[in-house]
Amino acid sequence: MYYRKIIIIILFCIIQGCSNNHTTFHEDIKPIIHRNCAICHNPKGAGPFDLIIYQDVYKRGQMIKEVITKKYMPPWPADPNYRSFLNQKNLTDNEIKKIVAWIDDGKTEGIANNNNIIDSILVKKNESQPDLIIKMKNAQIITDDNQDKFLMMKFPFELESDTFIKTINFVPNNKQFVHHINAHLITYNNNQNKNIFKGDYIVDTELFSDEECFEILDLRNNDGSYPTLTPSVSNYLPGSEQINYPEGIGGLEANKKNIILVNDFHYGPSSSLETDSSYFEIYFSQEAPKRKIQETQLGTFGISDIVPPLIIKANQVKKFRTKATITKDISLLTINPHMHLLGKSFLAYAITLQNDTIPLIKIDNWNFRWQYFYTFEKMLKIPAGSEIIVDATYDNTPNNPDNPFYPPKTISERIGFNGRGSMRTSDEMLQFIINYLPYKQGDENISLNTQ
Ligand code: HEC
């Protein structure tokens, strides 16, 4: 009688997995949640609620189980098996299994410890003091019409003398609504004596072409020519961490009169009236930049044509290719795939003259919301003569839940925009931005992880 009971208990244990009982929040689950979730799910982050302490995770157990098994969270569209990147937010299959088993087994708390990775992540961000802070002229009002907003903004700043800049860091204020930004640096020749504070500071890019936006913000030189523009000096998406390249890489030159131009400031839809006072921090440098980062792009506005031309007929799923030959050895640092709402998948790789494939990025489920600038773990050499190939698929059927039109309409690259593309989400783009340096011996061994 007695031993029968024991056998039943043992069988029960085998089926239910008694061994999971010693998985606890503090020992096993907290480090995973802090590393992959709390960076956004904290009181100042983009996530709608906190995921930091035991109670936060305890009360949302079922929801967490669902979002991690469906791979909806953490948001990281790139396939980590194809190419892994710096600071990637991604749960391994084992981590997912571990969290799910812990939830199913009753969410044991365990003994509290001081292993709070999130503390060091949040503190690290405030460690150094910037040399200069550049704020918006006025706080930006986000209206309550539930619409996305696409703006161009200028942040002018005047210096006493020409200066070297180490980094420009964007600090989002209203993190729930700042969807993403992409900023360039404009430097004016001192002999132009340009009034950088003249003109509007903000313009709606859905209403005007790029040229018109430049006029409204009064960005051109006094003589009508265009000033020097360094692209992508700062990019932000929720969860993206500022990249500090190793000593000797990157850096900028500023003159006396400069403008940080956010060519693309996207606020997400809001149903309440909100304000935002995001700003930039500038860190100066004593030294002239030794290896300046270069940027180029394939596809829309870029060095290579899209084949066939980017026209996606209504109710069509269609693949497009754009490719470019690399003429000199280069070292890739950061890449950014870009499409709008009809994007379905994105694949980029290089083929060398020896026919070797260098995987760059693979996104099987395109997500308009999460368009990171992906930084490689180490500099990646692409030898001269290689071809960079990008294959992008678009879904313009009603099956695409992000399709802005029902019934679908034919969408192309540059509808009604003076022959230029636009950030309007109802127009499409196919762009692959690469940030690189001319290759130097040994680059492939340089880690970009300076944390
Ligand atoms: C890069 C920022 C970021 C990271 C990292 C992140 N989240 Fe989120 N999370 C969000 C945002 C923003 C939302 C709001 C919904 C949206 O925008 O998709 C959200 C929503 C959620 C939701 C609610 C989903 C719903 O249907 O309402 C859950 C649950 C969640 N996250 C859990 C997690 C977990 C668990 C992790 C880590 C394994 C994680 N998140 C990592 C930003 C993030």
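FYI, the numbering just counts along the sequence from 1. Order of appearance sets the numbers: ligands from 1, and atoms from 1 within every ligand.
Using a 4.0 Å heavy-atom cutoff, W76 is absent from the residues neighbouring ligand 1. Put simply, no part of R60 is less than 4.0 Å from ligand 1, judged by heavy atoms. Residue contacts with ligand 1: Q176 is excluded, as none of its non-hydrogen atoms falls under 4.0 Å.
A donor and an acceptor atom, one from each side chain of N36 and N90, are nowhere located under 3.5 Å apart. Using modelled atom types and a 3.5 Å distance limit, the side chains of Y267 and S278 yield no donor-acceptor pair. The closest side-chain donor-acceptor pair between E444 and Y439 falls under 3.5 angstrom. Under the 3.5 Å distance criterion, with hydrogens and angles disregarded, no donor-acceptor pair is assigned to the side chains of T187 and E253.
In terms of protein heavy-atom proximity, atom 43 (C) of ligand 1 is nearest to C40 CB, 3.5 Å. For atom 13 (C) of ligand 1, the nearest protein heavy atom (residue, atom name, distance) is P48 CD, 3.3 Å. Of the protein's non-hydrogen atoms, the one nearest atom 10 (C) of ligand 1 is M73 CE, 3.4 Å. A46 O, 3.6 Å is the protein heavy atom nearest to atom 12 (C) of ligand 1. Nearest protein heavy-atom contact of atom 5 (C) of ligand 1 is N36 O, 3.2 Å. From the protein, the heavy atom lying nearest to atom 21 (C) of ligand 1 is H41 CE1, 3.6 Å. M63 CE, 3.7 Å is the protein heavy atom nearest to atom 27 (O) of ligand 1. Atom 22 (C) of ligand 1 has F49 CZ, 3.5 Å as its closest protein atom, hydrogens excluded (heavy atom only).
At a heavy-atom distance under 4.0 Å, only side-chain atoms of R369, from C-beta outward, approach ligand 1. Neither the backbone nor the side chain of I33 has any atom closer than 4.0 Å to an atom of ligand 1 (non-hydrogen atoms only).
Every atom of ligand 1 with a heavy atom of Y372 under 4.0 Å away is listed here by number and element: 1 (C). Near W370, the atoms of ligand 1 lying under 4.0 angstrom from a non-hydrogen atom of the residue are 1 (C), 2 (C). With ligand atoms numbered from 1 in the order given, ligand 1 contributes 15 (C), 16 (C), 18 (O), 24 (C) to contacts under 4.0 Å with heavy atoms of Y72. Each of the following atoms of ligand 1 lies closer than 4.0 Å to a heavy atom of L51: 32 (C), 33 (C), 34 (C), 35 (C). Which parts of ligand 1 touch I64 is read off a 4.0 Å heavy-atom cut-off, strictly below it: atoms 35 (C).
Salt bridge D104/K65: present, at least one basic N to carboxylate O contact under 4.0 Å. D364 and K71 are not joined by a salt bridge, as no carboxylate oxygen comes within less than 4.0 angstrom of a charged side-chain nitrogen.
Taking the ring centroids of F265 and F150, they lie at or beyond the 6.0 Å cut-off. When ring centroids are compared, F346 and F432 come within the 6.0 Å threshold. Ring to ring, Y372 and W76 are close: their centroids are under 6.0 angstrom apart.
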Before giving the answer on salt bridge (Lys or Arg N to Asp or Glu O under 4.0 Å), spell out for D443 and R291 the whole-Å C-alpha distance, their side-chain angles and the decisive distance to 0.1 Å.
-> CA-CA 12 Å; D443 270 359; R291 300 182 74 189; 2.9 Å; yes

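Between atom 8 (Fe) of ligand 1 and C37 there is no N/O/S contact shorter than 2.8 Å.
The aromatic rings of Y236 and F170 sit tilted, their planes meeting at an angle between 30° and 60°.
For the pair K154 and Y201, the distance from NZ or CZ to the six-membered ring centre is under 6.0 Å and the angle to the ring normal is within 45 degrees.
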